[in-house]
Amino acid sequence: MKKIKAILENFDTEYVEDYKKIWIKAKLQSSDALLAVAKAVQDEGLRSLSTVSPTDFPDRETIELNYFFEDLQTKRNLWLKCDIPRELEKCEIASLTPLFPGAEWHEREAYSMFGVKFLNHPDLRPIIVSEDFIGKTPFRRDFDWEQHEEDVAKNVQAIVDAFKDEQATNEVNLDPESSETVLNWGPTHPASGPIRLRVHCDGEEIISIDPDIGYVWRALESLVTKKDFVGAIVAVERLCFMDNINSMVGYCMAVEEIAGTEITEFAKWMRVILGEVARISSHFMGLGGFFMNLGLHTLFMWNLGTREFFLDFLESYSGARIATASIEPGGVRYGLDMTMFDELQKALDQFDNTVDDIEMIFVNNPTMKVRAKDVGVLSADEVEDYALCGIVARASGVKTDIRIDEPYAAYDQVDMDYVTRSNGAAADRFKVLFGELKQSVDIIKQAKKRIEEGVASGEFNPTKDHMVKVPKKLPAGEALSRVEWARGEVLMHLVTEEKAKSPYRLKLKAPSFNHTMMLNKLLEGQTLSDIPLVFGSLYVCQGDLDR
Amino acid sequence: MNTVIDAFLFPGLFYALVWTVLLYWFFRKFMAPLHKRVGPHFNGPYGSYQTLFDLSKLLTKESITPDGVNPYLFSIMPILAVITALLPTAFIPWTPSYPVVESEYGLLALIVLIGIEPFLLFLTGFGSDNKYSFLGGIRVLTQSISMETAFFLAALSPALLFGTLNLSEIVDQSSWGSFLVLIPGFFLYFITLLGLLEQPPFNIPDAEQEIVYGFYTEYSGTNYFMLKLAEFTEFMAVFAGAATLFLGAYKGLFFDNYLCFFIKMLLMAIVMMILRAATPRITLKQMLHFSWRYLVPISLLNLAWVMLAKNLFFAGV
C-alpha cells in the first residue's frame, strides 16, 4: 500500500487517502496524467481494471471518472478519480484499453451512456444501447427521456429500416471469393439467450466472433436514480434473477456506509444464509446449463428438482421464490420465524441425498471430460489482464474471492477457503462451480448453527433484530461496495447528494461483461460445436451483461 | 389385395404410423423418470393420447415454405424420406410368413435403403436455404459417410457366417451358437446405428445448442411431421435389421412369433434412451476420429473373427 502511495506522490493529486482496509482513494488534478499513473500502478502489480464509472455533475460542468484498479494477488486496490469537461466536444480522455485490455467494453459503455470519448481506443463503437440511442447520452443527468420518446416515435420507421439494413448487409463486406459466412448465433437461438454473437465462420471453423449485446437493457443504473433508497432494491435485484440477493446486499452495504449505520449481528448472519441460498439456486442452474449446452438435459432437470427445495425456503421467508426483495438498507426485511429453518433443513437433506449421484454421473462424466478439458483455456495472466473474476478466475488458479479478501456481512466469521483449480479449461470451471456448490451448503450449515445457538442463548431476537433504522434522507457522500456474486465480483459505486431521497448515481459493475468480452479470444479457430460449451462455461447471465 | 394390405396396413404405412405414435409416447414417458419428471400425464391413460394430439396438430397446422427456396424440392423431400424409410420393412422377415418381398439379396436391399436416407436428409437441409439447415445437412453427410462404412461391415458379418444374403435364411440358420459368434458384430452395429440415427452421443446433425435444429430448422406442420415419421420409421427399419441379423428375429425362448420380434426392437430402443439420458454430445471432429481410427479397423477385425469362427465351429454347416 505504501508503494502505491509513493507512486501517487509523484503526480499532481488533489488528495490521497486510505479507504476501507484494502483501498486507496485518490484524485488527480488533471486528466492528462491518467495514462502515466495507470502505467505506474500497473507496473506495481495492479493489473486488473475492474471498471470505469463516469459520474455526471451538470452544476460543476464536469464529468468525474472513477477507475477501480485491483491487484488480484496481493489484494491492494486503487480508486482513482479525475475530472474532465462536460461539453460533448471536449469530453475526452486517454483510453486505458492499450494498457488494460479488460477496459475495452467498459470504455465503450461509458462512451455510449455518457458520451465520454476515449482517445486511442481501438474500437470505440456504441455498445448495449439500441439504434435509437446512438449519439445520445442516456445516463447524463439532464437527458430528456420524454424528448427521446418523441424522437423515437417520429423516427420509428428510419430506425426499423436501419436495423433491417444492418441485417441485410451482414455479409456484404465479406470477400465474395472466400467461403466465409456470418452466422447469427442469437438472439433467438436455443442456447444463446438474449445475446447475439456474430460468428464469422468458414464451414465449421470459427474465424472471429463479435458479440452484440443489449437485448435486455433495462437501464437499471438510470432507473435506481428515480426511486427512493428502499425502492431501488427492486431495480438492483433485477441484475439477474438467478442470484438476486447478493446484489441487493452490495447495494445495501453502500447505502449503510453513507448513512453510517451498523447493522446487527443477526442481520449479518441472515444475509449470509440468504445470499448462499441464492448462490446455490444460481449454481444449480449454471451446472445444469453447462450440460444442457452439451446436449444433455438430465442434470438440469435433476438440479431444478433440488433447487425447488431451496426456493421453498426463500418463499417461506419472503413470500416470493425468485424476486424476493428481502435485503433492505439496515438489515434484512423480515424477522425470522424459527420454523422456517425446517424448510431449509429439508433442502439441505435433499441436497445431501442427491449430491453423490451428481458427482458420480456428471462431474466425472468421461464424455464431458473429452469435450471440455482442452477448450476455452484461460491462463492466470489473462484472468488478471482482463479483470475476470468469480469461478472463471478461480478455475485458472487465481485466488480471488471477495468473501475472503474483503469480508462483508458475517463472512469474516465463516470458515471457508478458495475453491480453485489450475488448468482454466471449461471442464475446470464446471468443477469449480460444483465445488462451490458444496462450499455454499457448508456455509449455510455454519450460519444456521450460529443463528440457532444465538437464539437459544438469547443473544439474537429473531423477530426484532433484523432491522435497524436507516434515515430516509442521506447526506452527500459516495461509497464503494463489492460482493462476491454467484458469477463473480459485483462492484457498486454509489453517489448521493445532500438530503438525497434517491441515489444520485449508482454504477453496477457486473462480471458477465468482462467474461463475454473473452469469447472472441477463446473461440477463434475452434469449431461451432465449442460455442455453446465455452459460452456456457463462462457462466454468463444476459441480465447482468446488459443491466 | 395382398399388396394393398402390405403397403398400407402391415408392414406398411399404418404399421409405421402406429409404431411412430407409440414409440414417441414411450420415449417421452421413459425419459421422464430418468429426468425425475412425470412426462405426459393428462391426456388418456398415462398420457398416451399426447402424441396422437401432437400428430393431429402437426397435420392441421400450416406448412410454411420459406421465401427463396425451391418449393418442390423443399416439399418433396419429406415424402421421399418417408417412402425410403418405409421400403426396408418389405424385406424384413417379421414372422415366418414374411418378408413381403422374398429376395436372395434381402440384406443388400436393407443396408442400401438404410444408407440412402442420410442423403435425402442432406437434401432437405440443402433445399432450405438456411445456413443452419445447410450446416446440419453437411453434418448429416459427413456423419453418414464415416459411420456407414463400419455399419455395412458389421451388417455383413452374419452374411459371411451363414453364406447367404437372404434374410429369411439368415434367421432360419441362426442359433445360440451363431448369436455368440456375432456378439462383437452386434455391438459394432449398435454403435454405428446410433450414428446413423443421429442419436446421442452422435446427435451432431441436429445439435440444437449449436446449429438450432439442423436440417429440420425450416420445416413446420405436415412437412415436419413427415420428417419425424421418416425418422421413427428409420428407427424401426434399423432396429428390425439388428433383430433379424443378430438376434434371430421372431425366434423366442418359448414361442416364435411377432411379439418376440417386437420385444427385441423395444429393448434396443430402451438402451438407446438410457444412453440419451446419460451421455453428452461429442463434436464432429471427435466423431470422425472415433469412426475412422477405431470403428472401421475393429469392424474389419470382426470380419476376420467371423471367418475364423465359421471355419472353427461351423465348418460342417
Side-chain angles (χ1 to χ4, degrees), chain A residues 170-171 181-186 188-193 199 201-206 288-306 308 350 354 357-358 360-362 365-372 374-375 427 430 526-533 535-536, chain B residues 27-28 30-39 67-68 129-143 191 194 198-214 216-217 273-290 293-294:
Chain A
N170 225 344
E171 299 192 334
T181 176
V182 179
L183 212 54
N184 283 318
W185 200 81
T188 52
H189 184 287
S192 68
V199 183
C201 58
D202 184 357
E204 294 268 334
E205 292 259 309
I206 298 167
F290 181 87
F291 263 92
M292 200 103 111
N293 289 328
L294 289 171
L296 184 63
H297 299 260
T298 314
L299 181 59
F300 193 77
M301 297 291 171
W302 287 18
N303 280 350
L304 284 192
T306 317
E308 287 300 304
Q350 177 69 16
T354 52
D357 284 351
I358 292 176
M360 183 179 70
I361 301 175
F362 297 103
N365 190 304
T367 319
M368 186 274 281
K369 284 182 187 161
V370 170
R371 279 289 311 265
D374 294 324
V375 294
F430 178 79
Q526 306 282 348
T527 58
L528 287 181
S529 312
D530 297 324
I531 298 180
L533 173 59
F535 184 69
Chain B
F27 276 4
R28 285 174 167 178
F30 187 78
M31 277 299 264
L34 297 179
H35 280 171
K36 300 188 181 172
R37 291 184 290 125
V38 180
D67 275 353
D129 189 27
N130 174 317
K131 288 173 201 164
Y132 287 114
S133 299
F134 187 65
L135 280 169
I138 295 281
R139 284 178 171 202
V140 172
L141 216 53
T142 322
Q143 178 154 321
I191 293 168
L194 295 175
E198 291 135 32
Q199 289 302 309
F202 304 110
N203 57 342
I204 301 160
D206 54 4
E208 66 174 81
Q209 287 82 8
E210 294 160 19
I211 50 169
V212 190
Y213 209 179
Y216 286 111
T217 305
M273 276 292 100
I274 293 174
L275 282 176
R276 191 186 190 111
T279 321
R281 178 191 311 121
I282 59 172
T283 64
L284 197 63
K285 266 186 188 167
Q286 286 163 344
M287 187 276 298
L288 287 171
H289 184 270
F290 175 68
R293 198 70 66 82
Y294 299 104

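Chain naming here is simple, since letters A, B, ... match the order of the sequence lines and numbering starts at 1 in each.
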field: Per-residue contact mode, A:Thr354 against chain B (heavy atom under 4.5 angstrom)
entry: side chain
message: Looking at A:Leu304, is its backbone amide N or carbonyl O close enough to the side chain of B:Lys36 to form a donor-acceptor pair, meaning the two atoms are under 3.5 Å apart?
response: no
message: Let me confirm one number: the CE-OG distance from B:Met287 to A:Ser529, rounded to the nearest 0.5 Å.
response: 10.0 Å
field: Minimum side-chain heavy-atom gap B:Arg281-A:Leu294 below 4.5 Å
entry: no
query: Is any side-chain N of the basic residue among B:Lys285 and A:Glu204 closer than 4.0 Å to the acidic one's carboxylate O?
result: no
query: Highest number of heavy-atom pairs under 4.5 Å with chain B: which of A:Val370, A:Thr188, A:Ile361?
result: A:Val370
message: To check you understand the geometry: which heavy-atom pair defines the closest contact between A:Arg371 and B:Ile282, and what is its length?
response: CD-CA, 3.7 Å
task: Could you look at B:Arg139 and say if it's the side chain, the backbone, both or neither that has a heavy atom under 4.5 Å from chain A?
output: side chain
query: Is the side chain of A:Thr298 donor-acceptor paired with the backbone N or O of B:Ala277 at a distance under 3.5 Å, no angle test?
result: yes
Pick from B:Leu284, B:Leu34, B:Thr283 with the largest number of heavy-atom pairs that fall under 4.5 Å of chain A: B:Thr283
task: Please state whether the side chain, the backbone, both or neither of A:Leu528 comes within less than 4.5 Å of a heavy atom of chain B.
output: both
message: I need the B:Leu275 CG to A:Leu296 CG distance, nearest 0.5 Å.
response: 11.0 Å
Aromatic centroids of A:His189 and B:Tyr132 separated by under 6.0 Å: yes
query: Given side chains that start at C-beta, do those of A:Asn365 and B:Pro280 come closer than 4.5 Å, heavy atoms only?
result: yes
- prompt: So how far is it from A:Met301 CE to B:Arg37 CZ, rounded to the nearest 0.5 Å?
  reply: 5.0 Å
